[in-house]
Student: 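Provided herewith is a single structure, encoded as C-alpha cells, for subsequent inquiry.
The residues of the chain are indexed from 1 along the displayed sequence.
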Amino acid sequence: RSIAELGKDHVLFFFYRSDCPYCHAFAPTLAAFQARHGIQIVAISVDGGPMPGFPNARPDNGIGRFVTNGVGIETYPSVFLVSKDQKQVVPLGAGVMAMDEIVDRIFTLLNYAPNQNF
C-alpha cells in the first residue's frame, strides 16, 4: 500500500507544545509530508497554543492518554499513526524526524508488521 492509500483510513496525530522549539522545527516537515503524500496530519496541542502551519490544531482533550494507554504524551513532538475508527494506534516516533525517516517508518509498518492490518 502507498501512504496516500493508507491515508484513506488512517491519519497521523502530531502532538506538540506551543513553546517547544523542536515542535516548531518539525511542523514544516509534517506540513510538507501531508502535502506530498496526501495523508492527513491532525495537530494536537497539549497546552492549547497554536502551531504555524496547522491553523486547525485541536486541544488535547484526552486523546494523548488514549493513544498511550493512559500514560499521556511525555515527549514532544510525538507522532502516531491512527486508524480513522481509532481501533488501531501505532507510535511512529518522538522528536524531530526527517521526511524520509517518517516514510521509512511507515514503510516498515506496512511491510513488516505481520499482525497488523494496515
Side-chain angles (χ1 to χ4, degrees):
R1 275 177 86 171
S2 70
I3 294 173
E5 187 178 334
L6 183 70
K8 292 177 184 176
D9 51 11
H10 288 75
V11 298
L12 294 181
F13 282 0
F14 163 45
F15 290 91
Y16 72 88
R17 292 186 57 86
S18 63
D19 62 351
C20 167
Y22 303 106
C23 300
H24 283 271
F26 186 45
T29 301
L30 280 177
F33 185 84
Q34 178 175 251
R36 180 177 290 170
H37 295 286
I39 188 167
Q40 180 186 4
I41 308 293
V42 177
I44 302 168
S45 175
V46 298
D47 63 358
M51 179 58 62
F54 293 95
N56 297 320
R58 303 172 184 179
D60 185 354
N61 62 359
I63 195 73
R65 289 197 180 281
F66 168 74
V67 300
T68 60
N69 293 319
V71 174
I73 305 298
E74 296 179 336
T75 304
Y76 305 98
S78 288
V79 179
F80 292 78
L81 177 66
V82 181
S83 61
K84 289 184 179 178
D85 64 7
Q86 296 185 356
K87 291 182 179 178
Q88 188 176 52
V89 176
V90 180
L92 276 186
V96 177
M97 296 178 278
M99 192 178 304
D100 290 346
E101 187 175 2
I102 299 167
V103 170
D104 288 346
R105 289 175 184 217
I106 291 173
F107 176 79
T108 299
L109 287 172
L110 293 176
N111 291 289
Y112 300 107
N115 295 322
Q116 298 297 323
N117 197 11
F118 294 103

Student: For D85, give me all partners under salt bridge (charged side-chain N to carboxylate O under 4.0 Å, His left out), at least two apart in sequence or on another chain.
Tutor: none
Student: Measure the spacing between CZ of F66 and CD of Q86 and express it to the nearest 0.5 Å.
Tutor: 5.0 Å
Student: Whether the side chain of H24 engages the backbone of S18 through a donor-acceptor N/O pair (distance < 3.5 Å, no angle test) should be reported.
Tutor: yes
Student: Please test L92 against L109 for side-chain contact (heavy atoms from CB on, under 4.5 Å), starting from the C-alpha separation and ending with a verdict.
Tutor: CA-CA 9 Å; L92 276 186; L109 287 172; 3.4 Å; yes
Student: Tell me, with the steps shown, if L30 and I102 meet side-chain contact (heavy atoms from CB on, under 4.5 Å).
Tutor: CA-CA 9 Å; L30 280 177; I102 299 167; 4.0 Å; yes
Student: With sequence neighbours excluded, what pairs up with D100 under the side-chain hydrogen bond (donor to acceptor under 3.5 Å, both in side chains) test?
Tutor: none
Student: Under the criterion ring pair (Phe, Tyr, Trp, His ring centres under 6.0 Å), which of F80, Y76, F54 is the partner of F15?
Tutor: F80
Student: Decide yes or no for I39 and L81: does some side-chain heavy atom of the first lie under 4.5 Å from some side-chain heavy atom of the second?
Tutor: yes
Student: Minimum heavy-atom separation for K84 to G7, with atom names?
Tutor: NZ-O, 3.5 Å
Student: Rounded at 0.5 Å granularity, tell me how far NE2 in H10 sits from CD in E5.
Tutor: 11.5 Å
Student: Check whether any side-chain heavy atom of I3 sits under 4.5 Å from a side-chain heavy atom of R36, and report yes or no.
Tutor: no
Student: What is the minimum heavy-atom distance between G48 and S45, and which atoms define it?
Tutor: N-OG, 2.8 Å
Student: Calculate, to the nearest 0.5 Å, the distance between atoms OG and OH belonging to S78 and Y16 respectively.
Tutor: 13.5 Å
Student: When rounded to the nearest 0.5 angstrom, what distance separates CZ in F13 from CD1 in I44?
Tutor: 4.5 Å
Student: A side-chain contact here means heavy atoms from C-beta on lying under 4.5 Å apart; do V67 and I73 qualify?
Tutor: yes
Student: Compare all side-chain heavy atoms of R58 with those of V42 and state whether any distance is below 4.5 angstrom.
Tutor: yes
Student: NZ/K87 to CG/D9 distance, rounded to the nearest 0.5 angstrom?
Tutor: 12.5 Å
Student: Quick one: closest heavy-atom pair of C23 and P77, and the distance?
Tutor: SG-N, 3.6 Å
Student: Give the cluster check for F14 versus M97: same hydrophobic cluster or not, with ILVMFWY residues linked at side-chain heavy-atom distances below 4.5 Å.
Tutor: yes
Student: Would a single hydrophobic cluster contain both V82 and F107, if residues Ile, Leu, Val, Met, Phe, Trp and Tyr are joined by side-chain heavy-atom contacts under 4.5 Å?
Tutor: no
Student: Check the angle between the aromatic planes of H37 and F33 and answer parallel, tilted or perpendicular using the 30° and 60° thresholds.
Tutor: tilted
